Every structure is written in structure tokens, then in C-alpha cells.
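What follows is a short report on a single structure.
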Protein chains: 2
Amino acid sequence: MRRPLIRKLEKFTRLSQADKEMLVRIAAQRVRRFAAREDIIHEGEKPEFINLINEGWACRYKTLEDGRRQIIAFFLPGDLCDLNVFILKEMDHSIGAITPVSVSEISRAAFDEMMIGHPRITQALWWESLVAAAIQREWTVNLGQRDALERMAHLLCELFIRLEAAGCTSDSSCEFPLTQTELGETLGMSTVHVNRTLQELRASNLIVLKDRTLTIPNLQALQDVALFNPNYLHLDREGRHLDANEE
Amino acid sequence: MRRPLIRKLEKFTRLSQADKEMLVRIAAQRVRRFAAREDIIHEGEKPEFINLINEGWACRYKTLEDGRRQIIAFFLPGDLCDLNVFILKEMDHSIGAITPVSVSEISRAAFDEMMIGHPRITQALWWESLVAAAIQREWTVNLGQRDALERMAHLLCELFIRLEAAGCTSDSSCEFPLTQTELGETLGMSTVHVNRTLQELRASNLIVLKDRTLTIPNLQALQDVALFNPNYLHLDREGRHLDANEE
DNA sequence: ACGGCGACCTTACCTATGTTAATGTCGGAC
DNA sequence: GTCCGACATTAACATAGGTAAGGTCGCCGT
């Protein structure tokens with residue numbers, strides 16, 4: 001079994017065996033599965049758990065009164081939804097499955113227990129939540145300043161690099177389940193224009209996207225057209241080497 | 001002296017006298033002042049403090065290699081920048097003063113001390129940081145889905161309501177120091193179009209904006225054109241009444 | 001008193017992107 | 001094997017919003 005969360009957190013810090021066991025244990029209690037397109041939690045509900053995505057893709061989204069929908073964030077394997085949410089009275093947005101997903105619900109009690117006994121994990125989780133905030137900020141820049149082509153390229157770079165950190169890529173390829181409609185709802189553009197933009201990226205040999213699989217033959221080239229700077233993902237550990245001692 | 005932070009936190013929870021004194025004390029040590037347009041902290045630097053805005057307006061912003069600038073967030077009196085930032089190795093964006101500002105720097109030690117001795121404050125600060133994240137998400141929706149008029153109206157509603165929570169409005173007016181260039185950098189539109197859009201809002205009597213003062217004669221009307229739903233600001237206390245027992 | 005500067009406003013023109021709608025492709029249900 | 005729905009693609013046309021250029025006003029320093 002893959003442990004995308006552990007894998008990702010180790011990009012930030014070294015975890016002890018006990019830490020890892022704790023994380024596995026936490027992720028094992030209260031696992032739920034959702035079908036593609038099903039809501040995991042809906043706007044207006046009271047949040048009672050922190051959700052951890054084990055498998056599959058999900059997203060945050062918000063719908064305006066008149067039906068326009070904006071995808072606000074993607075949750076990939078190993079991603080957590082909002083540390084500390086239980087402080088809020090109700091959700092101001094929804095979280096929905098994109099593919100079939102498996103989600104672990106982490107209760108407030110389990111979370112507090114972890115905070116007390118495992119400072120390393122606590123730190124790592126705050127790191128992950130600061131990174132999530134940084135991603136949200138970068139999306140603001142993306143929507144505000146970049147044009148369609150740059151925007152699309154930027155999103156693809158980000159998703160690819162995040163998937164890599166979670167151990168969900170092989171070589172220069174990854175699964176890519178998003179429809180063009182979903183890409184449009186993410187990037188604030190019409191499906192027609194999404195299609196045009198993807199064609200353009202294909203024509204420049206920057207991406208291969210077919211059968212739900214994305215290949216990026218030259219990541220640096222794609223980053224260049226996107227004006228992509230990975231610093232906001234804060235993926236470099238303190239100077240220490242990464243070591244292969246996973247699992 | 002106004003205490004915008006206390007005022008704002010009391011929108012979320014009741015604070016004891018000791019809590020308030022703590023907050024005053026924290027805000028008193030290490031106060032710095034910056035001129036308009038000066039950077040408070042710059043991309044690439046290591047964050048050592050949590051900044052609290054006492055007076056004036058500031059913003060987060062990010063600049064692309066080719067010079068395009070996006071304002072990512074506004075900091076109004078009583079706003080905090082990123083609880084827990086010190087975990088990150090370096091800033092991925094800058095924070096700059098818009099007007100002259102007074103800022104309190106909160107050290108990691110002071111923050112930890114507060115976390116331990118004052119659970120009420122701790123909760124309230126997490127609330128404030130969750131609200132900041134919610135605002136960032138709403139900006140994503142704003143940039144992705146709303147057109148120029150809606151976008152501008154939405155921003156004005158948000159700023160007005162946030163200023164109100166901090167006690168910085170009188171009646172239906174507030175100070176409004178943003179230039180049209182800054183509005184453009186915030187909303188991802190050209191200054192020309194900012195101007196057109198403001199004209200349109202003025203022509204519909206939705207706003208009066210003159211001499212750095214904004215008046216919103218009918219907030220509900222402005223909210224309606226913006227498709228503005230204030231739920232994301234999470235400004236309603238537990239069902240208990242708000243009471244006037246401030247300071 | 002003058003020059004310079006930054007905010008603001010305006011006009012004319014141009015283009016990236018949206019809209020609508022028709023058509024194509026593929027995989028699954030029966 | 002065919003019918004259907006989800007998704008992708010394409011074309012023709014419409015428009016929101018960008019670009020470039022210039023003008024006015026008030027303020028600040030000398």
C-alpha cells in the first residue's frame with residue numbers, strides 16, 4: 001500500500017518509525033469511500049473531521065447563485081483538508097470527489113492526541129497546511145495575471161510536481177482524470193477555450209494528454225511558458241539530503 | 001487607542017480581561033512603522049515573526065518575472081499575517097505597506113506563550129486564520145467566475161465588512177486608500193477597465209468614491225450585484241448576542 | 001512661479017476569450 | 001449490434017476587456 005501522506009511529509013522533515021506508525025494508524029480508522037462526483041462534505045454542513053485523501057482526486061468548489069462553479073483547489077492522494085476546521089460553525093464551500101476516492105476522517109480527539117505525542121508530525125502538518133495556503137495564493141496570481149496558455153501550463157506543472165511528491169507519477173507521466181469542463185471551472189475559462197489551449201500545448205510538444213494520462217516530456221520547458229516558480233511549494237528539506245529510506 | 005484585533009476576535013468569541021491584556025501586551029512589544037509602499041518583508045527572506053497590523057493598510061503581493069504584479073490579499077487593521085510562518089524557510093511572496101502602517105512583530109516565543117496560557121485567544125487566532133484562508137478562496141472564485149463589475153463590487157463589499165468588524169467604518173463610509181492601479185493589480189484588470197467599472201458603479205448609485213473615502217449607500221444592493229454571500233467571513237458568534245462590552 | 005509627478009479620467013482601436021451550436025468519438029448497457 | 005450519454009473538437013460570430021496615447025488636476029519641492 002502506498003502512503004502518500006508519509007511520503008509527502010518526508011519532503012519536509014524526517015519522521016521516526018513511531019511517527020509513521022501513528023500516521024498509518026490514524027489513516028486506518030474511519031475510512032470512507034465516495035464515487036466520482038459525489039460530495040464528501042457540502043456547503044452549510046458543520047465540519048466534524050479533518051479529511052485525508054488516501055486514494056483518488058477530490059476538489060473544493062463553490063457555486064454561485066446563478067450556477068457558475070469554481071473549483072478552488074484539488075486534493076491529491078496524501079492531501080489533508082483544513083487542519084482545525086472544526087472551529088468553524090459551517091462549511092462555506094463543498095468538497096467533492098472527482099474520481100472515486102478513499103478518505104480517512106480524522107476526529108478532533110485523534111488530531112489532538114497526535115499534536116501532543118508527536119511534535120514532528122505536528123510540525124509537518126502545519127507545514128503542509130502552510131503549503132496549501134501558498135498554493136491558494138498562487139492560484140490567485142494565476143487567475144489574476146496569467147493568460148489562458150500560461151494558466152493551463154501552470155496548473156499542469158503544479159499538479160505534476162505535487163503528484164510526484166506524493167509518489168503518484170512514473171517518469172514524466174501521471175494519471176490525469178480531469179475533464180475539460182473541470183479544467184475550465186478551475187481556470188475560469190470556457191470549455192471551448194480549454195480545448196483550444198490544450199491543442200496549442202500539444203502542438204508545441206509541451207504535453208501529451210490522452211486517455212486520462214498526462215505526459216510532460218520536458219517539464220522545464222512547460223515551466224518556462226507558465227512562468228512557473230516552484231518555490232511556493234516549499235518542497236526542499238532543510239539542506240539535509242533526501243534519502244530513500246521510505247516506508 | 002483602538003484595538004482592532006480585539007474587536008475583531010470578539011466577533012468570534014468572548015475574551016476575558018486577562019486575554020485582552022495579553023493581546024495588548026503582545027501588540028506593544030516590537031512595534032515597527034513603515035512608509036507607504038515600503039516592503040514589510042520581501043520574497044526570499046526568512047520569516048521570523050508573525051506580523052500584526054495595528055494601523056493602516058498593507059498587502060501581500062507577488063511579482064512575475066516579467067513584472068506583472070498581483071495583489072493577493074489585503075491586511076487591514078487587526079489583521080495577522082500567517083500564524084506559524086516561521087516553519088517555512090523563506091517567504092514565497094512579499095508584504096508591502098499601502099498606506100503608512102504600524103505593525104507589531106510577534107516572536108515565536110511570545111506566540112507559544114500565548115498558545116499555552118490563553119486557550120481562548122488560541123482558538124480565536126485559529127478562527128482568524130481560517131477566515132483568512134476562506135477569503136483567499138473567495139478571491140479565487142472572484143477572479144475565476146465574476147466579471148469586472150461583479151468582481152469590483154465584491155471586493156468593495158468584502159473590504160467594507162472587514163473594516164466594520166475591525167471598527168474602522170463610520171456609518172456607511174470608510175477610508176479607502178487604494179489607487180485604481182492597485183485595484184487593477186488586485187482584480188486582474190487594467191487601470192482603464194478599473195476606471196470604467198468604478199464609473200459604472202457610481203452611475204448606478206452603488207458607491208460614492210472620492211478623496212480616498214468610500215461610501216456605500218446601500219450595502220445590500222451592492223452585495224446583490226456582486227453575488228456576495230458573507231458566509232465565508234464567518235462573522236456570526238455562536239448564537240449568543242453580540243454585546244457592546246468592548247475594550 | 002515653475003516643473004515634475006502621480007492619480008485620475010477619457011477616447012479609439014484591437015484581441016483574447018466567450019457563446020452557440022453542430023459534429024465526432026468512444027465505451028457501456030441492453 | 002445499436003443506442004445513448006459523456007466528452008472532445010471545430011467553426012462562425014460576439015464581446016468584455018486590454019493597449020496606447022493623451023489630457024487634466026492637485027501637490028510637492030525649489
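Labels below follow one simple rule: chain letters A, B, ... track the order of the sequence lines, proteins then strands, and each chain is numbered from 1. No experiment lies behind these values; they were computed from the predicted model shown.
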Touch class at under 4.0 angstrom, heavy-atom based, for A/G188 against every strand present: sugar-phosphate
Protein-nucleotide distance (A/E200, atom CD; C/dT15, atom P), rounded to Å: 16 Å
Test side chain to side chain contact (heavy atoms under 4.5 Å, CB included) applied to A/F74 - qualifying residues, sequence neighbours left out: A/C59, A/I71, A/L76, A/I98, A/W139, A/L155, A/L159, A/L178, A/T186
Of all pairs that satisfy salt bridge (charged side-chain N to carboxylate O under 4.0 Å, His left out), the ones with a partner from residues 144-157 of chain B, not counting sequence neighbours: A/R68-B/E150, B/E138-B/R146
Within 6.0 angstrom of B/E175 CD, more than 12 heavy atoms from elsewhere: no
Atom-to-atom span, CG of B/L201 to C1' of C/dC8 - whole angstrom: 16 Å
B/E128/B/K11 ion pair, N-O < 4.0 Å: no
Gap between atoms CZ and P, on A/R212 and D/dA6 respectively (whole Å): 13 Å
N/O (side chain, B/N195) to phosphate O (OP1/OP2, C/dC8) under 4.0 Å: no
Carboxylate-amine/guanidinium contact B/E182 B/R37, below 4.0 Å: yes
Within residues 138-151 of chain B, residues whose heavy atoms come under 4.0 Å of DNA chain C: none
Most 5' of A/V194 and B/L198 on DNA chain C, judged by nearest nucleotide: B/L198
Nearest-angstrom distance from the residue atom CE of A/M189 to P of D/dT9: 13 Å
B/L183 and B/T197, any side-chain heavy atoms less than 4.5 Å apart: no
Rounded interatomic separation in angstrom, taking CD from A/E185 and C1' from C/dG18: 15 Å
Below 4.0 Å: OP1/OP2 of C/dC9 and any side-chain N or O of B/R202: yes
d(CD, A/Q180; P, C/dT19) in whole Å: 16 Å
Check: B/N231 main-chain N/O paired with B/N229 side-chain donor or acceptor under 3.5 Å: yes
Between P of D/dA16 and CE of B/M152, the distance in whole Å: 17 Å
Residue list, salt bridge (Lys or Arg N to Asp or Glu O under 4.0 Å) with B/R212, at least two apart or on another chain: none
Nucleotide D/dG18, atom P - distance to CG of B/L187 in whole Å: 10 Å
Short side-chain N/O contact from B/Q199 to OP1 or OP2 of C/dT10, under 4.0 Å: yes
Proximal nucleotide (of C/dT17, C/dT20, D/dG18) relative to the A/H193 side chain: C/dT17
Five-pair end axes of the helix from C/dA1-D/dT30 to C/dC30-D/dG1, angle between them (10°): 40°
Comparing A/T191 and B/T191 on DNA chain C - which has the more 5′ nearest nucleotide: B/T191
Out of C/dG18, C/dA21, D/dC7, whichever nucleotide has its closest atom nearest the side chain of A/R196: C/dG18
Student check: side-chain heavy atoms of A/R33 and A/E55 closer than 4.5 Å: yes
Residues that B/R60 engages under side chain to side chain contact (heavy atoms under 4.5 Å, CB included), provided they are two or more places apart: A/R137, B/I72, B/A73, B/F75, B/D82, B/H93, B/I95
Touch class at under 4.0 angstrom, heavy-atom based, for A/S190 against every strand present: base
